Amino acid sequence: MDGDVRLTIEDGVAELVLDRPAKHNAVTPAMARRLLDHARALDADDAVRAVLVRGEGERAFCAGSDLNALAAYPSAWHFRNRVEYATAIRNIRKPVVAALQGWTLGGGAETALSADLRVASETMRFGFPEVQRGWVGGGGASQLLPRLIGQGQAARLLMLGDPIEAAEALRLGIVEEVVPQSALLDRAREIARKLAALSPVAVQSVKAAMRMALEAPLSAGLTYENEMNVLCFSAGDHLEGIRAFNEKRPAEFAR
């Protein structure tokens, strides 16, 4: 099957591009493996400080997994051991921005939920059609969506399977911004560059603390947050932040 996952890196920002526009960037097993390889490499590359994930073309961010590929797994065991591409995005320690346009469905919507910040164009259509085809998604939607928008609205989207438009996704809190299609990439890149300019220790500590909030009781989460605070101070980036404040200039974090 055709399709690829392209990677470019510039000024501390990595762009992961799902490149199969003729098929709405539906992900094949080969693309999933390539995405996993890229994600692991980006985490290990200190020059990368933020990640932007997007789809090629204007018709779709990602329409999920390639249905013919799903039907081709020789057994349920082989399917169980597949590379889960939304999880690969979710496991990146660095901040991840998703630029969403057109069809953002199924595994594509789960990939979007696995990012930290989501910017959508007015063309985005977001949904989870798996239930209409006879299954439940395996990339995190049933766990992430209720935590993000509440049990009732999540049930509506996951149990009925009908897509929603960008304006409703913004109202529900699924995306953080909606912009015209012509402004989508510029805005997403602007956010990614801003993240890349911050202290990597601070940004990744914020991400880790927020992830802990999804897992732990309040008392454990508060303790973990304080440990992340101490980690940031031990790394020393706060000294540059204080100097920059006193000198009335933007901070320049070297890491």
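It should be emphasised that the depicted structure is a prediction, and the values quoted were computed from it without experimental measurement. Just so it is clear, the values below take in all heavy atoms, side chains as well, and ignore hydrogens, waters and symmetry mates.
A donor-acceptor distance shorter than 3.5 angstrom exists from the side chain of T123 to the backbone of G102, with no hydrogens or angles considered. No side-chain donor-acceptor contact under 3.5 Å links E176 to the backbone of V119. Using modelled atom types, no side-chain atom of R118 and backbone atom of V175 make a donor-acceptor pair closer than 3.5 Å. Between the R20 side chain and the D2 main chain, a donor and an acceptor come within less than 3.5 Å of each other.
Residue E225 places its CD atom among 12 or fewer non-hydrogen atoms of other residues, nucleotides or ligands, all under 6.0 Å distant.
The pair E130-R133 does not meet the salt-bridge criterion, since no charged nitrogen lies less than 4.0 angstrom from a carboxylate oxygen. Between E190 and R193, none of the side-chain N atoms (NZ, or NE/NH1/NH2) sits under 4.0 Å from a carboxylate O, so this pair counts as no salt bridge. A salt bridge links D116 with K207; the closest basic N to acidic carboxylate O contact falls under 4.0 Å. For the pair E15 and R189, the salt-bridge criterion is met [side-chain N within less than 4.0 Å of a carboxylate O]. A salt bridge is defined here as a Lys NZ or Arg NE, NH1 or NH2 lying under 4.0 Å from an Asp or Glu carboxylate O, and R34 with D4 meets this definition.
Judged as a ring pair (Phe, Tyr, Trp, His ring centres under 6.0 Å), the pairs with a partner in residues 27-78 (not counting sequence neighbours) are, in order, Y73-F79.
Nearest heavy atoms, N25 versus A60: ND2-O, 3.0 Å. When all heavy atoms are compared, the tightest approach of E252 to R249 is N-NH1, 4.2 Å.
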